[in-house]
Structures are given as C-alpha cells and as structure tokens.
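Notes follow once the structure below has been shown.
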Amino acid sequence: METKVIQTTEELITFLGLLQTSFGIIALDVETEPFQKDNPLKSHAWQLGLLGVGLYSTAGHAYIPADILATEKSGDAFQKLLDTKVFAMHNCKFDLTVLEASEFDVSKTQIHDTLIMTSLVDENILSMKLKDLAVNVLKVPADQIVKYKDIEGEPEDPAEYVTWQQKMASYCVSDCWYTHRLYELLMAALIKDELLEFYNTVERPFTSILRAMERRGIQVDTTYLETMGKKLDGEIYAAERAIYSEAGEEFNLNSTPQLRRLLYEGKKLKIPREFKTKKGEPSTDVEALTYLAKEQNCKLAELILKYRKLSKVNSTYVRGILDEAVPNDDGTKTIHTSYLQHKVKTGRLSSAAPNLQNVPREAGELNIREAFKARTGFKLIAADYSQVELRILAALSGSPAMIKNYEDGGDLYQTVADQIGSTRQNAKAVVLGVNYGLTHFGLSRNIGITEEAAEELISGYLNKFPEITAFSARCVEEMQKTGQVRDIFGRLRRFPTYSYALRVGDDAEVSHNERQAGNFAIQGAAANILKVAMIRIHEALKPLGGHMLLQVHDEVVCEVPEGRTEEACVIIKTCMEEACDLKTVRLMTIPAVSDRWRK
C-alpha cells in the first residue's frame with residue numbers, strides 16, 4: 001500500500017484535522033523497536049521505543065514518525081484525536097501501552113479491539129494473528145503480506161533510512177487497513193449473532209482492566225526463589241542418582257526410547273492398550289508412569305515421576321519466574337504476566353510470560369506462591385470464589401438437593417459422598433469430573449479405581465441428582481438445533497464438527513461435543529461472572545489507591561494500602577458476590593489479607 005509519511009508538524013496538523021472532522025472508525029497501529037525476549041528491560045510493551053504510528057480511515061491514511069509526534073504542537077493535536085475519536089486496533093493492549101509510555105493519555109480513548117471481536121465471532125478459528133486474518137478472512141494474497149522480519153531494525157547507513165522508513169510506513173498502514181476492514185466485518189457479525197451487548201458490557205471494558213493489571217505487575221521475592229532453586233537442584237540431583245541406582249545404569253532421563261527400553265524391556269512391564277502411543281508403542285507419559293507406579297508397584301516409574309515434578313517446578317516456575325522478573329528503580333523486581341483474553345473457547349483467561357494459571361498451589365517446600373508479595377506500605381488481598389461452577393450448576397439445573405445444600409451452608413462434596421456411599425475425596429473427583437466432561441475411564445485413572453467402580457460412582461451421582469442429566473440434555477438439544485450453545489451472559493460456543501460427526505457415526509467426536517456443550521454453559525458463566533466482578537473491583541478500588549494484580553482461575557489478588565484493607569475486603573466481597581444474580585444460589589467468597597500470595 002502506497003503510504004504518505006508525515007514529514008512536518010504542519011502536515012500532521014492538516015492530516016489530523018481531516019480525520020477529526022470525518023465520520024467513522026479510525027484504525028491505529030504502532031511500530032516499535034523489536035522485543036528482546038531474553039532482556040527483561042526490553043521484553044514488555046512499555047519498555048520499547050516508539051518508531052511511529054499508522055492511521056487509516058475512509059477519509060485518509062498516513063504514517064507518523066515518532067520524532068514528528070514528539071513536538072508539543074504535534075503531540076497536542078494527536079492527543080485531541082485520541083480523546084475524541086473512536087479507534088479500532090488489533091491487540092489494543094500493546095498499542096495503548098506503547099502510547100502511554102510515550103506520554104500520551106489514553107484513559108479517554110474509545111477502543112474496539114478486533115482481536116477480541118474475532119474471538120467472539122469465531123472462537124474456533126485456527127489463528128487470530130492479524131496477518132493470518134488478512135489472508136484467511138479478508139482474502140489478501142499471502143505473497144502480498146509484508147513480514148516484520150523483512151524490515152525490522154533501523155539501517156545503520158543514513159542513505160538507506162528514507163527507503164526503510166517508507167517500507168515501515170507501508171507495513172504499518174497496511175496493518176491499519178486490515179484492522180479497519182476486519183472491524184467492519186466483525187461488527188456486523190456481532191450484531192447478527194446477538195453478541196454486541198455482551199461485547200460492549202463485558203469483553204470490551206475488560207481489556208482495559210487486564211492492561212492495568214499487566215502494567216502494575218506483582219512484586220516477587222527473588223531471594224526466596226533463588227534459595228528454593230538451589231534446594232531443588234540438590235533434590236533433582238538426588239532423584240537422578242536414585243533413578244540410576246534403580247535402573248542399574250545411567251541413561252538420558254529425557255530420552256523416551258531409553259526410558260521405554262528400561263521399563264518395558266528391562267523390567268518386562270506390561271501396559272494396557274490405552275497407555276500406548278498412536279504407533280502402538282508403550283507410552284512414558286505421566287499417565288502411563290502413574291499406572292506403572294500404582295498398579296505394578298514400579299519403583300523406577302515412581303522415581304521418574306518425582307524427578308519430572310521437581311524439574312518442572314524448578315525450570316518452569318522457579319527459573320522461569322526469575323528470568324521474567326523486571327528490575328525496578330527502587331531495587332525491587334516485579335512480574336508482569338501477559339493475560340490472553342482471546343485464547344480459551346469458554347472465555348476463561350490464560351496467561352503467558354510467565355504462565356501464572358498453573359503455578360502450584362501446594363504449601364510447604366514447593367510453595368511458589370509465597371514468592372509473590374505486597375509492595376512496601378501495601379497488603380495483598382486474595383479472594384477466591386467458593387465452588388462457583390457448582391453453584392452455577394445448582395442454579396441452572398434447578399437441583400433441589402444442591403440448592404438446599406448451599407442454602408444451609410453445607411459441604412456439597414460430603415453431601416454427595418453420603419448420597420453415593422463413597423468418601424468425600426472420591427465424591428469431589430466425581431462432581432468435578434462430571435462437570436468437566438470426564439468419562440468413567442478418566443475418573444478411574446484419576447482416583448485409582450477400576451473403570452467399573454468409576455462408572456458406578458458417576459451413575460450413582462447422576463441418579464441421585466437427576467436434574468444434572470436433564471440440564472446437560474437441554475444443552476445438547478440446543479447444540480443439535482442450532483450448532484451452538486449460549487451461556488447466561490450471551491456468549492456463544494459453536495460446535496462445527498457435531499453435525500458431521502453425527503452423520504458419519506463418529507461416536508467419540510459426538511460424545512466429546514456433547515460433554516463440551518454442558519461444560520461450556522457452566523464454565524462460560526463462571527468466566528463471565530469473574531470478569532464482571534473484576535470490572536467492578538477495578539473501579540471501586542481506585543479511591544482507596546488499590547489495584548488488582550492477578551487473576552488465576554476463580555481467584556483475584558489485589559494490592560491495597562495497609563490502612564485500607566478492611567474497607568477493601570468489603571468492596572471486593574460485595575463486587576464478587578453481586579456480580580451475577582443466580583436467583584436460587586448465592587455466590588460466596590471470603591477475602592484474605594496477607595503480605596504474600598498464599599493458598
């Protein structure tokens with residue numbers, strides 16, 4: 001795309017004036033210096049230098065180099081545009097953070113994020129990257145897509161600068177055009193699918209909440225992690241020696257063929273067919289090793305499992321978090337995870353760099369959460385919903401027994417255990433397993449019982465609480481009629497393979513889709529309840545000087561000044577418990593104040 005590069009402040013004022021008086025959405029994209037993943041000082045959006053801004057509307061388009069925006073007159077004119085017009089961006093968290101770091105106020109900027117819009121319109125699409133959407137949705141020929149790697153990095157030779165800048169301008173404004181065109185298509189789709197209200201009231205404002213959380217970050221005690229890492233190094237070494245002793249030889253612990261030889265040839269172990277790979281070879285994954293350790297009392301498998309657990313905690317969490325820690329001017333270090341609002345089909349959040357969704361919850365020597373702490377003068381408040389998905393299930397299914405249990409403040413797992421004649425631990429596995437679409441085969445492996453016994457527990461549970469089966473049947477019926485399921489907030493989950501699987505008799509795919517239909521109705525509601533709560537908490541904590549820092553599963557972690565914890569707890573509890581009126585069942589949480597993030 002031929003793109004004008006703004007060269008003077010006067011040109012910029014004229015161009016922005018044209019956009020200011022025009023109608024319609026303006027697509028915006030920023031270009032920055034490259035990320036440096038291994039450099040904690042250049043690994044986040046706010047740390048990257050701005051190279052330029054691209055703008056595209058039906059009135060005109062141009063690329064504005066950063067040095068032009070840096071003048072006071074230009075900056076004021078651009079700020080006015082940000083304050084008064086509506087913009088489309090793809091992954092707006094990045095663009096807004098870069099602009100904010102360049103001293104522009106984006107608090108009033110109205111945004112539509114085509115990344116989030118795409119995730120609502122087609123959650124099953126293979127890639128939501130802008131260039132992939134340009135090819136697959138807008139049908140831009142792949143050979144016309146310019147790749148960033150072909151132009152990144154300013155040339156050292158000044159004679160090449162003008163040519164490089166023109167390439168960068170065309171690249172940037174092309175992205176703006178893709179975004180602008182996608183916005184038009186996606187807005188029409190949101191309206192057609194009756195998703196516009198949900199998008200505007202939940203997903204759209206939620207993006208800014210996540211951006212604030214990412215930017216604030218949470219302080220991490222690196223000394224605590226370094227001490228844990230050293231201890232784990234010793235335990236891993238001891239585990240390695242124990243494995244070699246049991247095996248009778250040293251071998252590559254990460255080599256599947258070598259481990260397979262030792263287990264299945266050396267020790268002559270046999271394994272059921274379900275634990276074999278697609279090629280028919282015996283597996284060495286966690287499930288297979290757990291089976292060998294429990295069912296065949298294989299000491300080597302038990303030691304390998306311990307080694308893998310210690311290694312994962314050390315590399316993924318201890319070393320991983322230390323590598324991601326950002327040094328601050330006051331000598332502290334903070335973690336700034338990236339929340340992915342578009343990745344999970346149910347609407348749940350995931351996170352990366354580092355992934356905090358899977359940080360171990362266990363206490364004791366492997367308590368990773370203890371490494372995260374409040375800043376000086378602040379306290380952490382952690383609030384976790386009590387059995388939110390089961391409360392939603394009780395309300396949506398209308399199960400009198402479940403509803404009464406929550407009305408009476410009872411222990412649902414013990415209630416189920418009494419009803420099906422089992423232990424509380426097994427009852428909990430059954431309840432959660434059924435809620436997540438777990439089969440009797442999966443349950444048998446999880447709690448170490450036979451498939452027949454697992455089937456009896458599941459049948460007993462569903463027979464005692466028949467409303468659950470009826471609720472699942474209603475979800476399946478909705479999917480059969482429309483090819484999709486809508487949760488209580490209006491979010492959609494589409495099942496494009498279901499009708500084909502029915503037609504060709506693919507029973508496994510049919511069963512998978514039917515389990516997922518009921519699962520989505522519950523998980524989608526839970527995800528959106530928490531989003532609504534977080535939107536309210538974010539605003540309500542501002543007058544106290546408080547911030548939300550983390551969201552993990554059904555838990556939020558906030559940071560508030562030491563003298564405001566009591567009123568903050570009331571605010572958080574109220575926002576979470578009143579986020580959704582389930583009519584028959586009350587949501588519940590008990591905020592806990594501490595200096596560190598604890599279980």
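None of the values given here were measured: they were computed from a predicted structure.
Side chain of Thr207 to backbone of Glu203: a donor-acceptor contact under 3.5 angstrom is found. A donor-acceptor contact shorter than 3.5 Å is absent between the side chain of Ser255 and the backbone of Asn252. Side-chain atoms of Tyr339 come within 3.5 Å of backbone atoms of Gln551 as a donor-acceptor pair (strictly under, hydrogens ignored). With hydrogens and angles disregarded, a donor-acceptor distance shorter than 3.5 Å links the side chain of Asp113 to the backbone of Asn91. No side-chain donor-acceptor contact under 3.5 Å links Glu226 to the backbone of Met228. With hydrogens and angles disregarded, no donor-acceptor distance shorter than 3.5 Å links the side chain of Gln79 to the backbone of Phe104. A donor-acceptor contact shorter than 3.5 Å is absent between the side chain of Thr589 and the backbone of Lys573. In this structure, Thr337 contributes its side chain and Pro354 its backbone to a donor-acceptor pair below 3.5 Å. When atom types are taken as modelled, the side chain of Thr114 and the backbone of Met117 share no donor-acceptor pair closer than 3.5 angstrom. At distances below 3.5 Å, not a single donor-acceptor pair connects side-chain atoms of Glu370 with backbone N or O atoms of Trp597.
Taking the charged nitrogens against the carboxylate oxygens, Asp122 and Arg494 have no contact shorter than 4.0 Å, which rules out a salt bridge. A salt bridge links Arg211 and Glu100; the closest N-O separation between the charged side-chain nitrogens and carboxylate oxygens is under 4.0 Å. A salt bridge links Asp175 with Lys131; the closest basic N to acidic carboxylate O contact falls under 4.0 Å. A salt bridge is defined here as a Lys NZ or Arg NE, NH1 or NH2 lying under 4.0 Å from an Asp or Glu carboxylate O, and Glu539 with Lys542 meets this definition. Remark: Glu123 does not engage Arg348 in a salt bridge, criterion side-chain N to carboxylate O under 4.0 Å. Residues Asp595 and Lys379 are paired through a salt bridge, judged by an N-O separation under 4.0 Å between the basic side chain and the carboxylate.
A 6.0 Å sphere centred on OH of Tyr237 holds no more than 12 heavy atoms belonging to other residues, nucleotides or ligands. By the 6.0 Å contact criterion, CD on Glu562 is enclosed, its count of non-hydrogen atoms from other residues, nucleotides or ligands being greater than 12. Atom CG of Asn124 sits in a crowded spot, with more than 12 heavy atoms from other residues, nucleotides or ligands closer than 6.0 Å. With a 6.0 Å radius and a threshold of 12 heavy atoms from other residues, nucleotides or ligands, Gln414 has its CD atom above the threshold. The 12-atom threshold is not exceeded at NZ of Lys299, counting heavy atoms of other residues, nucleotides or ligands nearer than 6.0 Å.
Phe94 pairs with exactly one of Thr97, Val98, Leu96 by the side-chain contact (heavy atoms from CB on, under 4.5 Å) rule, that one being Val98. For the side-chain contact (heavy atoms from CB on, under 4.5 Å) criterion with Leu115, the lone passing option out of His342, Gln341, Lys93 is His342. A side-chain hydrogen bond (donor to acceptor under 3.5 Å, both in side chains) with Arg586 is found for one member of Glu578, Glu577, Glu407 and no other, namely Glu577.
Between Leu349 and Phe206 there is a side-chain heavy-atom pair separated by less than 4.5 Å. Using a 4.5 Å cut-off on side-chain heavy atoms (C-beta onward), Ile449 and Leu457 make contact. Contact check for Asp384 versus Met576: no side-chain heavy atoms found under the 4.5 Å cut-off. The shortest distance between side-chain heavy atoms of Arg515 and Thr439 falls below 4.5 Å.
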Item to check | Stepwise side-chain contact (heavy atoms from CB on, under 4.5 Å) test for Cys558 and Ile572 | outcome: CA-CA 9 Å; Cys558 304; Ile572 293 167; 3.8 Å; yes
Next on the checklist: Pair His336, Met213 - check side-chain contact (heavy atoms from CB on, under 4.5 Å), show working.
Outcome noted: CA-CA 8 Å; His336 303 262; Met213 291 167 61; over 6 Å; no
Item to check | Pair Asn314-Asp233, side-chain hydrogen bond (donor to acceptor under 3.5 Å, both in side chains): steps then yes or no | outcome: CA-CA 8 Å; Asn314 200 26; Asp233 286 340; 3.0 Å; yes
Checklist entry - For Leu48 and Leu50, what are the C-alpha separation, side-chain angles and deciding distance, and is it a side-chain contact (heavy atoms from CB on, under 4.5 Å)? => result CA-CA 6 Å; Leu48 305 179; Leu50 177 67; over 6 Å; no
Next on the checklist: Run Lys309 and Glu235 through salt bridge (charged side-chain N to carboxylate O under 4.0 Å, His left out) and show every step you take.
Outcome noted: CA-CA 11 Å; Lys309 178 181 180 179; Glu235 292 182 9; over 6 Å; no
Next on the checklist: Please determine whether side-chain hydrogen bond (donor to acceptor under 3.5 Å, both in side chains) holds for the pair Gln36 and Asn39, giving the CA-CA distance in whole Å, both sets of side-chain angles, and the decisive distance to 0.1 Å.
Outcome noted: CA-CA 5 Å; Gln36 297 177 27; Asn39 181 359; 3.2 Å; yes
Item to check | Worked verdict on Thr118 versus Leu133 for side-chain contact (heavy atoms from CB on, under 4.5 Å) | outcome: CA-CA 9 Å; Thr118 299; Leu133 293 174; 3.8 Å; yes
Next on the checklist: Let's go through Glu214 and Trp46 carefully: what are the C-alpha distance in whole Å and the side-chain angles of both, what is the deciding distance for side-chain hydrogen bond (donor to acceptor under 3.5 Å, both in side chains) to 0.1 Å, and is it a yes or a no?
Outcome noted: CA-CA 10 Å; Glu214 291 175 359; Trp46 70 85; over 6 Å; no
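Here the closest non-hydrogen pair linking Ser350 and Lys343 is OG-CB, 3.5 Å. Nearest heavy atom pair, residue Ile116 against residue Ser119, reads O-OG, 2.7 Å. Of all heavy-atom pairs spanning Ala579 and Val532, the tightest one is O-CG1, 3.7 Å.
How far CD of Glu240 is from OG of Ser245: 13.5 Å, rounded to the nearest 0.5 Å. If you take CG on Leu390 and CE on Met402, they are separated by 5.5 Å, rounding to the nearest 0.5 Å. Separating the CD atom in Gln516 from the CZ atom in Arg493 is a distance of 5.5 Å, to the nearest 0.5 Å. In this structure, Leu396 CG and Lys583 NZ are separated by 12.5 Å, a value rounded to the nearest 0.5 Å.
Counted by atom type alone, Asp487 and Asn528 present one or more donor-acceptor pairs between their side chains at under 3.5 Å. Neither side chain, His90 nor Thr179, offers a donor N or O lying under 3.5 Å from an acceptor on the other. Looking at Tyr406 and Gln387, their side chains do bring a donor and an acceptor atom within 3.5 Å of each other. Side-chain polar atoms of Lys333 and Asn328 form no donor-acceptor pair below 3.5 angstrom.
When ring centroids are compared, His112 and Tyr199 come within the 6.0 Å threshold.
A cation-pi arrangement is not found for Arg596 relative to Phe378, the charged atom failing to lie both closer than 6.0 Å to the ring centre and inside a 45° cone about the ring normal.
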